[in-house]
Amino acid sequence: MANNSEKPWVELGLTDYEYNLIKDILGREPNFVELNVFSAMWSEHCSYKSSKNVLKTFPTEGPQVLQGPGENAGVVDIGDGLAIAFKVESHNSPSAVEPYQGAATGVGGIIRDIFTMGARPIALLNSLRFGALNSPKSRWLFEEVVSGIAGYGNSIGVPTVGGEVYFHPSYENNPLVNAMCVGLLKHEDLAKGVASGVGNPVMIVGAKTGRDGIHGASFSSEDLGATEEKRPTVQAGDPFMEKLLMEACLELIKTGNVVGMQDMGAAGLTSSSCEMASRGNSGIEMDVALVPRREEGMTPYEILLSESQERMLVVPQKGMEEEVKKIFNKWGLEAVVIGRVTDDGIWRVKEGDQIVAEIPAKGLTDMCPVYDPEAQRNLVMDKIQNCDLIDLAEPKDYNQVLLDLLGRPTIASKEWVYEQYDYLGGINTVIPPGSSAAVIRIKGTNKGVALTVDCNSRYVYLDPYQGAMIAVSEAARNLVCSGAKPLAITNCLNFGNPEKPEIFWHFKEAVRGMGDACRELNTPVTGGNVSMFNETRGEAVLPTPVVGMVGLVEDISKVCTNSFKNEGDLVILLGENTDELGGSEYLAMFHGLEAGRPPHLDLAKEKALQQLTLELIAKNYAKSAQDISEGGLSVALAECCIKGNIGVDINLEDKIRPSALLFGEGQSRIIISATKENLDRIKELAFEYHVPFSLIGKVGGNQLTINGSEFTVSLPIFDIIDRYKGAIPCTMNN
Amino acid sequence: MRFGVVVFPGTSGEADCYHVLKEVMGSEVDYIWHQSIKFEKEYDCIILPGGFSHGDYLRAGSIAHFAPIMEQVKKFAQNGGLVLGIGNGFQILTEAGLLPGAFLRNKDLKFICKEVYVRVENNETPFTNNYEQGQVINIPIAHGEGSYFCDEETLEELRANNQIVLRYSSSTGEIKENYNPNGSIDNIASIINKEGNVLGMMPHPERCAEKILGNDLGKYFFTSIVKWLDGGANHGK
């Protein structure tokens with residue numbers, strides 16, 4: 001890191017203004033180590049300096065929220081003295097250069113965030129984005145990322161129960177890998193990332209420290225095109241080590257001797273120690289010479305900024321050092337005291353007797369400058385949004401369009417993906433991957449939790465406010481279709497370079513839309529992650545604000561899936577068909593257009609629909625429930641048939657052009673099936689909730705038939721299953 | 001009746017087995033730490049559960065079989081005690097020489113988690129006596145190195161002694177290569193030792209032992225054990 005320039009801070013990504021601020025905080029010039037520490041902690045990745053002010057607008061409170069944003073993960077109450085900790089986090093840039101390890105360590109990182117809270121991880125989900133599958137590079141990234149997630153999650157024994165995968169050319173060189181973990185804890189075991197109590201020891205536990213991942217935080221805050229040479233900064237994961245670390249940490253928390261605990265993620269020992277001190281309004285003094293290392297000759301700078309995986313910082317009660325060591329030794333792990341909590345608010349790092357850094361802890365965290373980047377809607381949006389979609393030609397063969405949609409990798413079955421994940425470990429998986437949401441039972445209770453991740457980034461690109469509202473609403477709808485009441489969300493906001501006004505406009509609008517939807521649906525934001533700079537050579541990915549949502553199933557025996565169940569069941573559409581094609585998968589596939597406005601969403605209508613559906617499931621009136629999303633009504637019906645391995649006969653009377661009726665993605669629609677006996681009661685309830693109700697057909701046979709006044713769709717179930725399940729394996733095994 | 005569930009570092013199926021034995025079967029059950037040099041209690045059956053013992057960075061199960069507890073497990077088996085290895089537990093049993101054969105990576109080199117069909121080839125064992133001979137059951141698998149392999153001679157011996165207990169099949173019991181998820185020799189999913197008291201199986205019966213999970217056909221492996229131990233009708237050889 002020899003540096004000849006006159007402004008070494010500029011090369012470290014700090015501005016003159018920031019450098020002067022650092023001098024003010026210290027009352028002197030920073031030394032080399034201190035400057036690098038500031039560079040890491042004030043990077044976008046660690047500090048959220050561009051997004052902080054916007055994120056403040058999220059609703060974060062509610063009676064169900066036990067822990068909101070600011071900790072390692074959010075926590076919501078599920079009754080019976082139990083709570084759920086959950087969070088989603090990105091690992092995009094590591095996955096772009098080293099997809100297996102990038103994805104694997106993404107899983108490892110998010111699992112640590114959860115057990116750090118004192119929760120036992122019970123489920124993993126992921127949200128993935130790749131370029132079009134006809135590109136060899138995308139296929140390689142897809143194959144390796146899935147394999148990396150499987151390699152880590154399966155080995156550590158936490159089931160991967162759900163997720164979503166979209167393919168779009170904008171992700172070709174910058175795939176998105178967002179991993180979510182969900183953990184279960186007792187209220188009294190809730191742990192936090194604080195260091196307090198003067199004289200309490202600061203202990204490093206888990207793996208030894210090496211030179212891997214140095215500068216990961218600042219790497220993640222740059223354009224990917226220029227950084228291929230930074231390859232070695234990607235860390236390697238060791239799920240076995242993390243399994244041991246997890247068991248040891250959970251055992252330690254049960255002793256009640258833990259003051260605080262934090263995972264070492266980006267900026268490693270530096271961020272974990274100064275953040276813990278800052279939250280505890282304390283200082284920390286530590287000696288890097290005491291840190292167990294696996295490489296010779298590491299400098300204090302390297303030890304402080306190493307991102308070696310599977311390490312934690314623990315502050316136990318004074319006098320408990322030997323107890324801590326005993327537990328970790330049982331699991332074959334080291335636990336070493338490297339410092340003490342102080343009351344002077346200073347983050348002081350020594351190497352033996354020599355002080356190598358001395359910075360107010362809050363100087364690295366709260367005092368980082370916050371910016372309000374310029375946000376400006378790009379005028380090109382006018383042309384895109386106002387694109388005329390009225391005079392588009394209708395397809396000649398609706399059967400073919402439906403088959404082609406079912407074969408689109410974004411819509412097709414993801415069995416090829418989730419069968420590589422152990423989704424059954426822990427024996428809690430009541431609804432496995434492939435339905436609207438995954439449902440996990442909570443042993444020892446009659447309850448379950450439903451989990452989903454959602455985001456249609458094309459909608460967000462076309463209209464970030466509406467698009468983000470739809471992401472939240474669809475997540476909630478997916479939970480509701482499983483019989484769960486939505487509780488709260490975590491989010492992972494993946495965007496391009498925030499210094500570009502048009503990117504930041506998308507960001508701001510998406511946050512506004514997400515916030516409004518969360519307020520209306522009573523699902524506060526409990527935390528999450530912002531991933532900026534998802535660009536390659538100046539080209540940003542589609543704006544992708546991923547929503548991870550958790551819902552509560554009060555009675556696990558009443559969960560609902562999307563599959564049609566029995567011959568003769570009636571098929572009912574709740575909600576209204578609309579003539580909207582903007583942003584649809586059909587429009588992109590058949591007309592090659594990504595234009596128009598995304599479907600309109602009315603939050604009041606959405607809420608009514610969800611409340612109605614929940615009640616229908618709770619009363620056992622609905623035998624299946626399916627949300628209508630990508631591919632529209634016809635794809636939604638096909639999925640119900642595929643999952644149930646049974647046909648359906650549908651008659652539609654809407655006076656809407658057939659393409660929009662069959663393939664349009666109008667919002668706030670759910671398909672349910674029910675027995676004839678319950679029809680009137682369902683109708684009455686729909687009327688009470690002011691939700692449009694239409695009886696559209698009957699389950700049975702082995703054909704999917706949809707009749708309208710101007711069209712007929714008729715396909716054997718066998719053919720649609722073949723196309724839906726065969727699409728991804730065919731492409732990948734080529 | 002008391003079961004012991006052995007826990008190696010990296011084992012993850014122990015809590016699942018514990019739950020089924022305790023909550024579903026109502027039996028007594030303890031965890032046994034891999035470094036124990038003796039059993040603290042008297043056990044009627046020892047279970048080696050699934051997971052990734054020691055990370056399985058080497059061949060699956062190859063490190064675990066050196067654990068101190070394995071000496072006790074061997075002694076227990078030699079004395080006729082019932083030992084059930086599930087998934088990684090099966091792999092450990094072959095590494096420890098308690099069962100013949102070895103494991104290869106799945107034929108398509110990917111981890112597979114899904115429900116498959118197996119046909120009960122031998123219901124006269126302590127572990128399968130509650131199934132019908134030839135009964136087809138659906139049961140989940142979850143493994144990356146699940147392709148059972150042995151030489152021709154061993155295979156002949158397994159056949160001759162009726163040691164093949166489960167084979168991958170179609171839903172109607174047809175045994176063909178395309179119903180074999182991992183490429184195991186002769187579609188083998190489970191074998192038992194010659195003495196009839198040590199069984200290894202790649203499918204996970206503990207994962208389908210409760211109705212709420214959509215399938216409880218796996219429960220009968222455990223009820224078989226209990227019935228056999230209680231001195232019921234069908235005994236092992």
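A, B, ... follow the sequence lines: proteins, then strands. Residue 1 opens every chain. Values below: all heavy atoms of this structure, side chains included; hydrogens, waters and symmetry mates excluded.
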query: Between B:Arg207 and A:Asp422, is there a side-chain N and carboxylate O pair less than 4.0 Å apart?
result: yes
Is it true that atom [atom1] of [X] has more than 12 heavy atoms of other residues, nucleotides or ligands lying nearer than 6.0 Å?
X: B:Ile37; atom1: CD1; answer: no
X: B:Lys107; atom1: NZ; answer: yes
X: A:Lys443; atom1: NZ; answer: yes
X: A:Arg139; atom1: CZ; answer: yes
X: B:Glu42; atom1: CD; answer: no
X: B:Tyr117; atom1: OH; answer: no

- prompt: Out of curiosity, A:Asn154 CG to B:His143 NE2, how far, rounded to the nearest 0.5 Å?
  reply: 12.0 Å
Spatial distance of atom CZ (B:Phe111) from atom CD (A:Glu419) [nearest 0.5 Å]: 11.5 Å
Can you confirm whether [X] sits close enough to [Y] that some side-chain heavy atom of one is under 4.5 Å from a side-chain heavy atom of the other?
X: B:Glu210; Y: A:Val430; value: no
X: B:Lys110; Y: A:Glu143; value: yes
X: B:His19; Y: A:Ile427; value: yes
X: A:Leu424; Y: B:Cys113; value: yes
X: A:Arg441; Y: B:Ile212; value: yes

- request: Please state whether the side chain, the backbone, both or neither of B:Ala15 comes within less than 4.5 Å of a heavy atom of chain A.
  value: neither
Please flag which part of [X] lies under 4.5 Å from any non-hydrogen atom of chain B: side chain, backbone, both or neither.
X: A:Tyr423; value: both
X: A:Ser155; value: both
X: A:Lys330; value: both

field: Heavy-atom closest pair, residues B:Asp16 and A:Gly426
entry: OD2-N, 3.0 Å
- prompt: Within the side chain of B:Tyr57, is there an N or O that forms a donor-acceptor pair under 3.5 Å with the backbone of A:Phe240?
  reply: yes
- prompt: Within the distance-only criterion (no hydrogens, no angle test), does the side chain of A:Lys243 pair as donor or acceptor with the backbone N or O of B:Thr11 below 3.5 angstrom?
  reply: yes
Among the listed options A:Ile156, A:Asp238, A:Thr429, the residue most often paired with chain B at heavy-atom distances under 4.5 Å: A:Asp238
